[in-house]
Amino acid sequence: MATQSLHSTSPPPGDESAVRLREPELADGPEMWRLARDSNVLDVNSPYSYVLWCRDFSGTSVVARADGAACGFVTGYVRPDRRDTLFVWQVAVDRAHRGQGLARRMLDRLGDRMPELGCRYMEATVTPGNAASAAMFESFARGRGCPVVRSPLFGDEHLPAGHEPEILFRIGPLNHP
Ligand SMILES: CC(C)(COP(=O)(O)OP(=O)(O)OC[C@H]1O[C@@H](n2cnc3c(N)ncnc32)[C@H](O)[C@@H]1OP(=O)(O)O)[C@@H](O)C(=O)NCCC(=O)NCCS
């Protein structure tokens, strides 16, 4: 029979309580870029843009870390001309951590910050082929008891050939306590 130390500090594999969420710092930028690149789904922006994001939009973003590495992130910002709306730009979860509620946890963390940000709506765009992304935002909206309104936002006239159109998901109004 295998013996197990009573003092083991390593959580069992798959234990999502070991994943910590916080606002990103500059040092998270390169890892966020890596997660975006390795998703093979997201548009990969420059490494510079992720580190800049960590400097200027940390308060509207989330990074998830486990075992000393980033395993997920959400980048967002408050729309300058609609200050009641938090726009979620990118969400990524490392393959090893998918299907365990991590994206939903990160969105909920942002949702919990929305009252202090003065936001009652969350927006994001989703490509028609990204069922996981659509399900994730629907899940968040359901959890908050809010409707999701879908409408076309960016099409062929805005995006290069071969890029799927981007459908706007507008979630809200959130009922803050
Ligand atoms: C989309 C993504 C972030 C989801 O991360 P995740 O941690 O696995 O998602 P969660 O486990 O929190 O699931 C959230 C909801 O989405 C659903 N979902 C997740 N992956 C799904 C999939 N592949 N197909 C259908 N539904 C899916 C879950 O069932 C859950 O819904 P529920 O609460 O109704 O059960 C992840 O698949 C990913 O990084 N994909 C590549 C990048 C991307 O597409 N980002 C989104 C666009 S910005």
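Order of listing sets the numbers, starting from 1, for every ligand and every atom in it. It should be emphasised that the depicted structure is a prediction, and the values quoted were computed from it without experimental measurement.
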Q: Show your working on side-chain hydrogen bond (donor to acceptor under 3.5 Å, both in side chains) between Thr85 and Arg79 and close with a plain yes or no.
A: CA-CA 6 Å; Thr85 302; Arg79 287 183 57 191; 5.2 Å; no

Q: Considering heavy atoms of the protein only, find what lies nearest to atom 44 (O) of ligand 1 and give residue, atom and distance to 0.1 Å.
A: Asn130 ND2, 2.8 Å

Q: May I ask which of Ala36, Gly72, Ala132, Ser39 has a heavy atom nearer to atom 24 (N) of ligand 1 than the others do?
A: Ala132

Q. Any side-chain heavy atom of Cys119 within less than 4.5 Å of one from Val78?
A. yes

Q. Looking at Tyr121, does the NZ or CZ of Arg170 lie under 6.0 angstrom from its six-membered ring centre and within 45 degrees of the ring axis?
A. yes

Q: Please could you name the atoms of ligand 1 that Arg104 approaches to less than 4.0 Å, counting only its heavy atoms?
A: 12 (O)

Q.
Does Asp112, at its CG atom, have more than 12 non-hydrogen atoms belonging to other residues, nucleotides or ligands within less than 6.0 Å?
A. yes

Q) Can an N or O of Val41 be found at a distance shorter than 3.5 Å from an N or O of ligand 1? A) no

Q) Numbering the atoms of ligand 1 from 1, which are under 4.0 Å from a heavy atom of Ala92? A) 39 (O)

Q: Output yes when a protein non-hydrogen atom is found under 4.0 Å of atom 31 (O) of ligand 1, and no otherwise.
A: yes

Q. Do the non-hydrogen side-chain atoms of Met106 and Leu102 ever get within less than 4.5 Å of each other?
A. yes

Q.
Within ligand 1, which atoms have a heavy atom of Leu42 less than 4.0 Å away?
A. 42 (C), 43 (C), 45 (N), 47 (C), 48 (S)

Q | Where ligand 1 meets Ser133 - atom numbers and elements under 4.0 angstrom, heavy-atom basis | A | 46 (C), 47 (C)

Q) Any side-chain heavy-atom pair from Val148 and Glu138 closer than 4.5 angstrom? A) yes

Q. What residue and heavy atom of the protein are closest to atom 35 (O) of ligand 1, and at what distance?
A. Arg142 NH2, 4.9 Å

Q. Taking only heavy atoms of Gly99, which atoms of ligand 1 are found under 4.0 Å from at least one of them?
A. 6 (P), 8 (O), 11 (O)

Q.
Check the orientation of Phe154 and His158. Use parallel for under 30°, tilted for 30 to 60°, and perpendicular for over 60°.
A. perpendicular

Q | Closest to atom 27 (C) of ligand 1 (judged by heavy-atom distance), picking from Ser139, Ala103, Ala134, Ala135 | A | Ala135

Q) Is there a side-chain contact between Leu86 and Tyr77 (heavy atoms, below 4.5 Å)? A) no

Q: Could you check atom 39 (O) of ligand 1 against the protein and tell me its nearest heavy-atom contact, residue, atom and distance included?
A: Val93 N, 2.8 Å

Q) What protein heavy atom sits nearest atom 36 (C) of ligand 1, and how far off is it? A) Arg98 NE, 3.6 Å

Q: Starting from atom 43 (C) of ligand 1, find the nearest protein heavy-atom neighbour and note its residue, name and distance.
A: Val91 O, 3.6 Å

(Q) For ligand 1 and Ala131, I'd like to know whether there is a polar contact (N/O to N/O, distance under 3.5 Å). (A) no

Q: Provide, to 0.1 Å, the distance between atom 11 (O) of ligand 1 and the closest protein heavy atom, together with that atom's residue and name.
A: Gly101 N, 2.8 Å

Q) Taking the side chain from Glu123 and the backbone from Phe169, do they hold a donor-acceptor pair closer than 3.5 Å? A) no

Q. Heavy-atom distance under 4.5 Å between the side chains of Thr75 and Val88, does that happen here?
A. no

**Q.** Per atom 2 (C) of ligand 1, closest listed option by heavy atom (Met136, Gln100, Arg105, Met106)
**A.** Met136

Q. Between Gln90 (side chain) and Asp43 (backbone), is there a donor-acceptor pair under 3.5 Å?
A. yes

